[in-house]
Amino acid sequence: MPDRYAVIGHPIAHSKSPLIHGLFAQATGQDIVYEAIDGGAAPGGFQRALADFRAAGGRGLNVTLPFKLAALAVADLASEDARLAGAANALRFEDGRIEARNFDGIGLVRDIEVNLGLPLAGRRVLLLGAGGATRGAVRPIARAGAARIVIANRTADKAEALAAELAPHLGGVPLVGCGLAALGTQGAFDVVINATSASLDGQAPAVPAGAFAPGALAYDMVYGKGLTPFLRLARQAGCARLADGVGMLVEQAAEAFAAWRGVRPDTREALARLTVPLA
Ligand code: ATR
């Protein structure tokens, strides 16, 4: 019998994970089945679905909104990235235990460094937003050797508090938190990442044009939405290198697949299948 994996979220119908993992399994010759599970909106739905899946022999789960915090809470073991992110996006069921990981940040770093060809070592990185998406990205970006990281948020207090919490875990990489309104005093950045949920409301965080250094990469974590308001703002600011989060999605999936199966899939076909032009 093939090993069973799944993605769990709510809603889940539009998840690309079954397609991505199906392509990975085919390309690596791994005999697995991968399904999508709707954990529902009712309290306890995630925990019940998880228990049912394990009881049926499930080996691992990808976890998406709104269950990433609950996924960390049920784990017996958690990686440092998952603990610092306060959330898990991949679970593995092994020897009767639940192991939690968070591959979102490493997926982002691999997309920027490998797919987009921009090594982060020595770069100045600006993260917009102070929610879960930023929380998961900071440590992997620091590990990649960024020169400096700034978290800028509409609500300045949240950025300052998050920076204070994460700074001791970054191996000395400088981290500052500030309000979007204070960005004018922070200089320019080589990579500007939109980790806010503003795109989902058709808005862009208010980033001054001076935040984009010459040749900067503007990266929106959302995917499949074409040129988002943030990417349009970046282009108007003179930024020519634009990317959405499709590569982050594919690369975090590849990390989970590698952790589960011990073989790293080539991500190019999945990327080509899912990429929507930024127009
Ligand atoms: P996630 O877990 O996806 O990061 P979240 O925790 O709800 O989501 O955080 C959403 C982030 O997007 C917050 O940083 C929010 O800013 P506030 O803390 O000031 O609310 C940010 N955000 C949402 N809409 C925004 C907008 N229109 N402009 C700027 N920032 C926005």
Side-chain angles (χ1 to χ4, degrees), residues 7-12 14-17 39 41 46 62-73 81-90 100-109 111 125-141 149-166 175-184 186 189 191-212 218-225 227-234 236-237 244-249 252:
V7 59
I8 183 167
H10 177 73
I12 202 63
H14 299 294
S15 172
K16 305 291 185 205
S17 294
F46 168 74
N62 281 127
V63 182
T64 187
L65 299 178
F67 301 129
K68 291 185 180 188
L69 276 65
L72 181 65
D81 277 354
R83 279 202 304 270
L84 274 187
N89 85 332
R101 313 280 292 271
N102 190 320
F103 296 121
D104 285 330
I106 187 70
L108 169 71
V109 167
D111 188 36
V125 179
L126 172 59
L127 279 158
L128 304 167
T134 288
R135 181 178 271 281
V138 170
R139 187 165 177 268
I141 289 170
I149 305 172
V150 172
I151 298 172
N153 194 43
R154 182 174 58 182
T155 312
D157 295 3
K158 270 172 70 180
E160 287 162 12
L162 185 58
E165 182 191 334
L166 298 180
L175 173 67
V176 169
C178 68
L180 285 171
L183 265 180
Q186 291 294 335
F189 297 86
V191 182
V192 180
I193 300 166
N194 182 21
T196 72
S197 49
S199 299
L200 305 175
D201 302 328
Q203 295 180 341
V207 189
F212 299 93
Y219 192 106
D220 201 323
M221 283 193 186
V222 306
Y223 60 87
K225 304 238 178 282
L227 206 60
T228 63
F230 165 71
L231 293 176
R232 218 172 300 133
L233 177 155
Q236 273 157 17
D244 74 359
V246 67
M248 175 178 176
L249 172 76
Q252 65 75 29

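One-based numbering, in listed order, for ligands and for the atoms of each. Quick note: numbers below take in every heavy atom, side chains included, and nothing from hydrogens, waters or symmetry partners. None of these values were measured; they are calculated from a predicted model.
- Ring orientation note: the planes of Phe212 and Phe230 are tilted relative to one another, at an angle of 30° to 60°.
- Once rounded to the nearest 0.5 Å, the distance linking NZ of Lys158 with OG1 of Thr134 reads 9.5 Å.
- Counting heavy atoms from C-beta on, the side chains of Asp244 and Thr228 never come closer than 4.5 Å.
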Name the atoms and distances for all side-chain donor-acceptor pairs under 3.5 Å in residues 150-157, with sequence neighbours left out.
from: Asn153; atom 1: OD1; to: Ala130; atom 2: N; distance (Å): 3.3
from: Asn153; atom 1: ND2; to: Thr155; atom 2: O; distance (Å): 3.0

For the pair Asp104 and Lys68, evaluate salt bridge (charged side-chain N to carboxylate O under 4.0 Å, His left out) and give the outcome as yes or no after the intermediate values. CA-CA 11 Å; Asp104 285 330; Lys68 291 185 180 188; 2.8 Å; yes
Between the protein and ligand 1, which nitrogen or oxygen pairs come in under 3.5 Å, and how far apart is each?
from: ligand 1; atom 1: 2 (O); to: Gly132; atom 2: N; distance (Å): 3.0
from: ligand 1; atom 1: 4 (O); to: Gly132; atom 2: N; distance (Å): 3.0
from: ligand 1; atom 1: 4 (O); to: Ala133; atom 2: N; distance (Å): 3.1
from: ligand 1; atom 1: 12 (O); to: Ser197; atom 2: N; distance (Å): 3.1
from: ligand 1; atom 1: 14 (O); to: Ala130; atom 2: N; distance (Å): 2.9
from: ligand 1; atom 1: 14 (O); to: Asn153; atom 2: OD1; distance (Å): 2.6
from: ligand 1; atom 1: 16 (O); to: Asn153; atom 2: OD1; distance (Å): 3.2
from: ligand 1; atom 1: 18 (O); to: Asn153; atom 2: ND2; distance (Å): 2.8
from: ligand 1; atom 1: 18 (O); to: Lys158; atom 2: NZ; distance (Å): 2.7
from: ligand 1; atom 1: 19 (O); to: Arg154; atom 2: NE; distance (Å): 3.1
from: ligand 1; atom 1: 19 (O); to: Thr155; atom 2: N; distance (Å): 3.1
from: ligand 1; atom 1: 19 (O); to: Thr155; atom 2: OG1; distance (Å): 2.5
from: ligand 1; atom 1: 20 (O); to: Arg154; atom 2: NH2; distance (Å): 2.9
from: ligand 1; atom 1: 27 (N); to: Gln203; atom 2: OE1; distance (Å): 2.6

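- Atom CD1 of Ile149 sits about 6.0 Å away from atom CG of Leu175, to the nearest 0.5 Å.
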